[in-house]
Amino acid sequence: MNSNSLKVILEKLEKREITSVEITKQYLDEIKKKDSQINAFITVNDKALNEAKLADDKRQRGDKGVLLGVPIALKDVYSTRGLKTTAGSRVLENYIPPYDATAVKKLKQAGAVILGKTNLDAWAHGSSGENSDFGVTHNPYDLKSTPGGSSSGSAAAVASGMAPVAAGTDTGGSIRLPASFCNVVGLKPTYGRVSRYGIIAMGSSFDSIGHITQDVFSSALVLSVTGEIDPNDGTTGKVAVTQYHKLLGKPINGVKLGIIKEFMKEGLDSEIKKNFGKACKTLEDLGCEIVEISLPHVDYATSTYYILVPAEVSSNLGRMDGVRFGNSRDHFSAEAKRRVMIGTYTLSSGYYDAYYNKALKVRRLIINDFNNAFKSVDAIIAPTSPTPPFKLGEKLNEPLSMYLSDIYVCPMNLAGVPALSVPMEPAHNLPCGIQFVGRQFDENTIFNIAHAYEQARGDINLKLKI
Ligand code: GLN
């Protein structure tokens with residue numbers, strides 16, 4: 001098992017084979033050694049070793065926090081008390097939050113040690129990490145390629161062994177796409193499973209708070225900590241959080257999986273298609289029944305997303321006016337300005353009905369499509385990305401082609417359903433992922449299926465370039 005799996009780390013900590021100070025130091029050393037080439041971190045927490053020492057003291061006293069002493073990195077949109085939080089933008093380059101986001105509070109209560117804050121496309125707008133005001137992040141499997149975005153630093157940090165876990169956000173694929181590009185596991189929980197309180201908002205009816213890990217077990221364990229019904233976020237679901245990691249390992253024979261017909265056509269790289277077929281075969285060998293399903297309106301998902309999200313972005317970024325938060329608006333980069341302009345346009349009178357309102361109706365149709373599909377299958381599977389990681393710079397001047405990287409991931413954000421990307425066999429010698437999509441609040445089912453797949457799939461044959 002990978003040494004960055006939480007199972008391995010927690011076992012060593014529990015058996016006192018290693019201390020939190022030692023393991024935190026190991027990750028800090030990896031960051032020192034590798035991050036000049038990857039640029040996954042905006043800020044390294046200079047108090048990490050103190051926090052680790054406190055965790056060790058607690059363990060000594062018999063404390064049993066679920067993540068006691070485990071180092072974790074956070075995407076730089078998670079508000080961290082006393083630790084700079086930039087959202088990847090110069091607008092907030094000196095912003096130090098006075099409080100912790102609920103998810104951060106919960107991680108700390110479970111004993112996690114904050115290693116640092118990871119790089120991202122500014123305001124989480126992007127699919128490649130190239131929109132960051134703090135420099136691009138490089139893919140550890142090919143330094144000339146993008147790690148995917150917007151949680152670029154989180155995925156690259158976990159992939160290159162600079163952190164065992166890195167939290168992220170997924171508004172339109174920003175956890176799953178980078179997880180797929182970096183050969184790691186990325187969870188977008190159900191909308192409302194993890195509190196958005198204290199996470200710098202992008203599109204408030206889309207933002208899902210999740211994380212990137214080495215394996216499915218670690219992902220399930222972290223969700224059991226961050227999952228929350230939070231009075232500070234009225235959209236958190238009323239469904240109780242379970243010990244997701246304890247429910248893994250159930251046989252999956254007889255489970256019915258749907259393949260989305262509309263995804264399996266032009267635009268999908270042929271090698272990814274082939275490998276996805278092999279992954280289906282593995283699942284069939286485990287006893288799953290695989291059927292074709294249709295999401296008739298899914299072809300409209302990307303256009304719907306790129307109307308609704310900029311509308312919400314234009315409203316959310318309104319608070320970054322240089323009065324209450326941050327530097328003046330002159331510091332906004334091109335992509336944020338483009339979204340604010342599109343959003344303001346589609347919300348303005350005369351255009352509201354033609355764009356915003358219409359897009360809301362299409363969103364409803366897409367939600368209905370998912371609901372219908374889940375009447376006949378237990379979960380849906382799909383490739384996470386239509387292509388392997390692309391080269392840095394390749395799509396920078398073509399926003400539309402960049403937006404199309406999200407075609408397989410943003411429909412799940414429109415529908416608010418959970419989705420988990422897990423590495424499958426590489427294509428063109430580069431990482432790629434398969435995603436498992438479930439009913440709202442049914443993370444248990446996708447964790448269990450993905451876990452069985454991960455065990456049956458075996459090791460992925462890829463070498464880090466760092
Ligand atoms: N690539 C998408 C966008 O730019 C996803 C963003 C996200 O999930 N934060 O909007």
Side-chain angles (χ1 to χ4, degrees), residues 74-78 87-89 118-132 136-137 146-155 166-181 186-191 194 196 199-212 301-317 332-343 346 359 363 384-387 389-390 394-396 398-421 433 435:
L74 303 169
K75 184 177 185 177
D76 211 12
V77 284
Y78 281 61
S89 168
T118 58
N119 205 351
L120 67 149
D121 291 289
W123 310 109
H125 303 167
S127 308
S128 68
E130 293 166 293
N131 290 337
S132 170
V136 303
T137 301
T146 137
S150 64
S151 309
S152 46
S154 288
T169 56
D170 192 313
T171 302
S174 278
I175 288 176
R176 288 162 290 151
L177 192 72
S180 151
F181 280 12
L187 171 71
K188 172 229 175 289
T190 307
Y191 176 77
V194 179
R196 291 176 295 111
I199 310 286
I200 295 174
M202 179 179 165
S204 304
S205 77
F206 292 78
D207 294 345
S208 301
I209 314 308
H211 42 264
I212 291 171
T302 308
S303 352
T304 308
Y305 174 90
Y306 277 100
I307 290 173
L308 295 177
V309 168
E312 296 187 14
V313 162
S314 72
S315 162
N316 277 326
L317 286 186
F332 277 115
S333 53
E335 186 60 30
K337 285 186 187 158
R338 177 164 31 237
R339 296 195 187 208
V340 169
M341 284 191 282
I342 294 174
T346 58
R363 183 180 196 177
T384 309
S385 163
T387 67
F390 45 91
E394 193 180 316
K395 299 191 178 182
L396 212 47
E398 296 174 58
L400 281 183
S401 131
M402 187 73 94
Y403 294 171
L404 283 175
S405 321
D406 305 331
I407 50 170
Y408 296 162
V409 277
C410 74
M412 295 72 183
N413 299 77
L414 286 157
V417 293
L420 179 70
S421 178
Q435 47 175 342

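Whatever order the structure lists them in is the order used to number ligands and atoms, beginning at 1.
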Q) Which residue and non-hydrogen atom of the protein lie closest to atom 2 (C) of ligand 1, and at what distance in Å? A) D406 OD2, 3.2 Å
Q: Output yes when the distance from some N or O of ligand 1 to some N or O of K75 is under 3.5 Å, and no in every other case.
A: no
Q) If you count the atoms of ligand 1 from 1 in the order shown, which ones are under 4.0 Å from a heavy atom of M202? A) 6 (C), 9 (N), 10 (O)
Q: Over all heavy atoms of both residues, which pair between P189 and L187 is shortest? Give the atoms and the distance, please.
A: CD-O, 3.5 Å
Q. Hey, is Y305 touching ligand 1 through its side chain, its backbone, both or neither, going by heavy atoms under 4.0 Å?
A. side chain
**Q.** Under 3.5 Å side-chain donor-acceptor pair for N131 and S333
**A.** no
Q | Polar atom proximity, G172 to ligand 1 (N or O, under 3.5 Å) | A | yes
Q: May I ask you to identify, for M402, whether its side chain, its backbone, both or neither come under 4.0 Å of ligand 1 on a heavy-atom basis?
A: neither
Q) Taking only heavy atoms of G173, which atoms of ligand 1 are found under 4.0 Å from at least one of them? A) 8 (O)
**Q.** Chi angles and distances behind the side chain to side chain donor-acceptor pair (under 3.5 Å) call for T146, E130
**A.** CA-CA 8 Å; T146 137; E130 293 166 293; 5.6 Å; no
Q. Which bit of R339 is near ligand 1, meaning a heavy atom under 4.0 Å away: side chain, backbone, both or neither?
A. side chain
Q: Decide whether an N or O pair under 3.5 Å exists between S127 and ligand 1.
A: yes
Q | Between K188 and S208, a side-chain donor and acceptor under 3.5 Å | A | yes
**Q.** Taking atom 3 (C) of ligand 1 as the reference point, the nearest protein heavy atom with its distance
**A.** Y306 OH, 3.2 Å
**Q.** Check: G149 N/O within less than 3.5 Å of ligand 1 N/O
**A.** no
(Q) What I'd like to find out is whether the side chain of F206 reaches to under 4.5 Å of the side chain of R363, using heavy atoms alone. (A) yes
Q. Does E335 come within less than 4.0 Å of R338, counting only side-chain N to carboxylate O?
A. yes
**Q.** Short side-chain donor-acceptor distance under 3.5 Å, T384 and S421
**A.** yes
(Q) For S174, which part has a heavy atom under 4.0 Å from ligand 1: side chain, backbone, both, or neither? (A) both
Q: Begin from the C-alpha positions of D207 and T169 and carry the test side chain to side chain donor-acceptor pair (under 3.5 Å) through to its verdict.
A: CA-CA 7 Å; D207 294 345; T169 56; over 6 Å; no
(Q) Are Y305 and Y403 an aromatic pair, judged by ring center distance below 6.0 Å? (A) no
Q: Give the atoms of ligand 1, by number and element, whose distance to some non-hydrogen atom of A124 is under 4.0 Å.
A: 6 (C), 7 (C), 9 (N)
